[in-house]
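Naming convention: chains lettered A, B, ... in sequence-line order (proteins, then strands); numbering from 1 in each chain.
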Amino acid sequence: MSTKKYYITTTIPYVNAEPHIGFALEIVQADVLARYHRLLGEDVFHNFGADEHGVKIYRKAQELGNDPQEYCDEYAAKFDALKQTLNLDYDNFIRTTDSKHIAAAQEFWRKCLANGDIYKKNYKIKYCVGCELEKTDSELVDGKCEFHSSLELEIYEEENYFFRFSKYQKPLLEFYEKNPNFVVPEGKYNEIKEFVKRGLDDFSVSRLKKKMPWGVDIPDDPDQVMYVWFDALVNYISALGWPKDEKKFKEFWPGIQTAGKDNLRQQTAIWQAMLLSAGLPNTKQVFIHGFITVNGQKISKSAGTAIAPNEITDKYGTDALRYYLLAKVHPWEDSDFTWQKFNETYNADLANGLGNLIARVAKLAEKVAQFDPSTSSGQAAEQNKFLDEFRFDEAIKIIWERISGLDKQIEKDQPWKLEQDKLEDVLKNYVDAIRKIATGLQPFLPETAEKILKQFAGPKIKSEASLFPRIK
RNA sequence: GCCAGGGUAGCUCAAUGGUAGAGCAGAUUCUUCAUAAGGAUAAGGUUUGUGGGUCCGAAUCCCACCCCUGGCACCA
């Protein structure tokens with residue numbers, strides 16, 4: 001029997017801003033799942049990357065006087081650097097400006113076209129001369145531009161390609177009914193079902209090249225490029241080598257996707273309709289996470305609430321941030337970050353809890369000649385159950401209950417008063433317990449888990465520097 | 001406006017009909033192997049947004065109202 005395959009991919013961030021801790025949440029959650037399945041012995045493919053086309057990036061590059069590609073190179077590198085900052089183990093960093101991805105997006109387009117789902121249509125756009133921008137209906141206030149209410153909007157017509165989204169209302173609803181766990185959490189599953197039930201309109205999937213050239217060329221049409229969403233969504237399968245590497249694609253697809261709640265519709269409806277159109281299997285499951293607020297405010301660069309992951313990791317280490325994101329942030333509800341809460345958590349759980357326990361047992365263990373080097377391995381079943389439900393917080397809580405349990409046991413035994421042979425007995429139990437704790441910690445805090453397992457590997461165990469020095 | 005979710009101890013949350021619980025913070029105390037860390041104990045909610053109702057009994061069900069969050073498509 002071949003090894004079980006597991007594919008997990010995050011959404012790929014749009015590279016028009018620097019990474020912040022809100023995005024770190026998604027990629028750390030995905031990283032835990034990838035590591036967890038690797039530890040189960042599965043063959044894992046973990047994808048991450050950058051979404052690089054579209055008008056916003058084009059304009060931003062223009063403002064900076066840069067070539068769009070140079071701009072994307074610079075920003076994609078910033079996201080790829082999260083691999084070190086957050087200690088991520090992804091296998092692939094896809095960029096939507098890669099030639100392989102572009103070819104895949106074009107092939108995907110051809111499939112939808114061949115299936116009759118892409119057609120040309122005159123499209124009326126509303127244009128505000130004051131802003132020099134197109135306006136969508138949701139941006140309008142009383143039918144006028146919110147910033148220039150004295151100006152009438154101008155109506156332009158342009159011919160775009162449209163995707164026959166409306167055709168997929170029924171197939172999508174059937175798919176949802178057949179796969180009640182397709183979207184986690186349930187609330188988001190209901191939300192997307194309701195959205196699709198209300199009816200779907202076809203939407204435009206191209207832009208005129210003369211207005212906005214920064215996109216994937218449409219096959220056999222020199223005048224238009226793909227609308228950024230259409231090409232970006234294809235990354236989940238182009239990352240697997242589709243359409244060329246058929247073997248890899250068949251092995252790993254369908255996979256698991258993670259996305260923020262702002263991405264619900266794109267991932268669970270639009271992308272799924274596109275897959276149906278192209279005749280490809282739907283995503284297995286989409287996990288929708290919540291948002292992080294900072295001091296109760298939305299994360300926003302202009303409001304100064306954006307915290308870069310390395311602001312935290314440079315000072316307190318990667319695992320301190322990972323712990324906060326996994327244990328103190330609800331997997332799918334919005335959660336608040338404050339430095340005060342971060343410091344409290346760090347001291348209570350990492351310095352006083354885990355770090356101190358390791359230090360006290362290591363010190364006691366120095367008095368014992370040697371330990372059996374055999375380690376207990378394997379993840380605890382109860383922990384796995386929570387991970388299968390994306391309850392990172394509950395899963396990690398189980399480890400902290402063991403930490404607290406061992407602290408109580410030590411207090412009860414009072415090993416510092418014991419004779420040498422009795423001391424050895426109790427310490428062997430402690431060392432086993434620590435190894436078990438560290439093993440459980442592996443998907444969550446990989447660096448710390450590794451350090452502990454090394455320190456407690458035996459036969460000789462020595463005390464070492466604090467894992468998490470207390471914050472004064 | 002419509003739809004969904006939520007308002008429970010200082011903070012973060014748990015408990016969906018049967019005497020409101022946990023963690024953190026704060027208090028007292030014991031201990032010393034440890035990063036003044038760890039253990040124990042007590043306290044903490046005028047009884048769970050407000051006002052009604054059903055029931056022997058409601059945080060939990062029903063009605064009304066107040067407040068918060070999200071969604072109601074082409075911004076990614």
Quiz item: Is a donor on one side and an acceptor on the other found under 3.5 Å between the side chain of Ser166(A) and the backbone of Asp202(A)?
Solution: no
Quiz item: The side chain of Phe165(A) lies closest to which of these nucleotides: C74(B), G71(B), A73(B)?
Solution: A73(B)
Exercise. Would you indicate which nucleotide in A76(B), U35(B), C33(B) comes nearest to any side-chain atom of Tyr14(A)?
Key: A76(B)
Practice problem: Give Gly199(A) one of three labels, base, sugar-phosphate or nothing, depending on what nucleic acid heavy atoms sit under 4.0 Å from its own. | Solution: base
Quiz prompt | Atom-pair distance (CD1 on Ile410(A); C1' on A40(B)), nearest Å | solution = 16 Å
Exercise. Find the distance Gln266(A):CD to G71(B):P and express it as a whole number of Å.
Key: 11 Å
Exercise. Scan Leu264(A) against the nucleic acid and name what it touches under 4.0 Å (heavy atoms): base, sugar-phosphate only, or nothing.
Key: nothing
Self-check item: Dot-bracket encoding per residue of RNA chain B, Watson-Crick/G-U cut-off under 3.5 Å, | denoting interstrand
Solution: (((((((..((((....[..))))..((((.......)))).......(((((..]....))))))))))))....
Quiz item: Distance check: side-chain N/O of Tyr430(A) vs OP1/OP2 of C33(B), anything under 4.0 Å?
Solution: no
Self-check item: Quiz item: Glu411(A) side-chain donor-acceptor pair to G38(B) base, under 3.5 Å
Solution: yes
Quiz item: Which part of the nucleic acid does Val361(A) contact within heavy-atom distance under 4.0 Å: base, sugar-phosphate only, or nothing?
Solution: nothing
Quiz item: Can you find a donor-acceptor N/O pair under 3.5 angstrom joining the side chain of Asn356(A) to the base of A34(B)?
Solution: yes
Quiz item: Heavy atoms under 4.0 Å, any strand shown: does Gly54(A) hit a base, just sugar-phosphate, or nothing?
Solution: nothing
Quiz item: Between U32(B) atom P and Asp413(A) atom CG, what is the distance in whole Å?
Solution: 15 Å
Practice problem: To the nearest Å, give me how far apart CG (Leu364(A)) and C1' (A34(B)) are. | Solution: 8 Å
Quiz item: With a 4.0 Å cut-off on heavy atoms, is Asp51(A) in touch with a base, just the backbone sugar-phosphate, or nothing at all?
Solution: sugar-phosphate
Quiz item: Using a cut-off of 4.0 Å on non-hydrogen atoms, how would the nucleic acid contact of Ile57(A) be classed: base, sugar-phosphate, or nothing?
Solution: nothing
Quiz prompt | Proximity to the side chain of Ala348(A) - top-ranked nucleotide from U35(B), A76(B), C24(B) | solution = C24(B)
Quiz item: Side chain of Glu344(A): nearest nucleotide among C24(B), C74(B), U35(B)?
Solution: C24(B)
Quiz item: Quick one: is Arg470(A) getting a side-chain N or O under 4.0 Å of the A36(B) phosphate, OP1 or OP2?
Solution: no
Exercise. Take the protein atom NZ of Lys451(A) and the nucleotide atom P of U35(B), then report the distance between them rounded to whole Å.
Key: 16 Å
Practice problem: Could you check whether Glu191(A) gets within reach of a base, just the sugar-phosphate, or nothing at all, counting any heavy atom under 4.0 Å? | Solution: sugar-phosphate
Quiz item: Whole Å only: how far is the NZ atom of Lys188(A) from the P atom of G71(B)?
Solution: 7 Å
Quiz prompt | Which nucleotide in G38(B), G39(B), A76(B) has an atom nearest any side-chain atom of Asn352(A) | solution = G38(B)
Practice problem: Determine the contact category for Trp229(A): base if any of its heavy atoms lies under 4.0 Å from a base atom, sugar-phosphate if only primed atoms, P, OP1 or OP2 are that close, otherwise nothing. | Solution: base
Quiz item: Is there a side-chain polar atom (N or O) of Trp416(A) under 4.0 Å from OP1 or OP2 of U31(B)?
Solution: no
Quiz prompt | Lys78(A) to Tyr75(A), cation-pi by 6.0 Å centre distance and 45° axis angle | solution = yes
Quiz item: Using a cut-off of 4.0 Å on non-hydrogen atoms, how would the nucleic acid contact of Pro415(A) be classed: base, sugar-phosphate, or nothing?
Solution: nothing
Quiz item: Of all the choices, A34(B), G38(B), U35(B), which nucleotide is nearest to the side chain of Lys363(A) once you look at every atom?
Solution: A34(B)
Quiz prompt | Of Tyr119(A), Trp109(A), Phe230(A), the residue whose pairing with Tyr161(A) passes ring pair (Phe, Tyr, Trp, His ring centres under 6.0 Å) | solution = Trp109(A)
Quiz item: Would you say the side-chain atoms of Asp413(A) pair up with the backbone N or O of Pro415(A), donor to acceptor, closer than 3.5 Å?
Solution: no
Exercise. Could you work out which one of G39(B), G71(B), C33(B) sits closest to the side chain of Arg360(A)?
Key: C33(B)
Quiz item: Which part of the nucleic acid, if any, lies within contact of Asp407(A), taking any heavy atom under 4.0 Å across all strands shown: a base, the sugar-phosphate backbone alone, or nothing?
Solution: sugar-phosphate
Quiz item: Hey, mind stepping through Asn47(A) and Asn235(A) against side-chain hydrogen bond (donor to acceptor under 3.5 Å, both in side chains) and telling me if it holds?
Solution: CA-CA 9 Å; Asn47(A) 181 55; Asn235(A) 94 84; 3.3 Å; yes
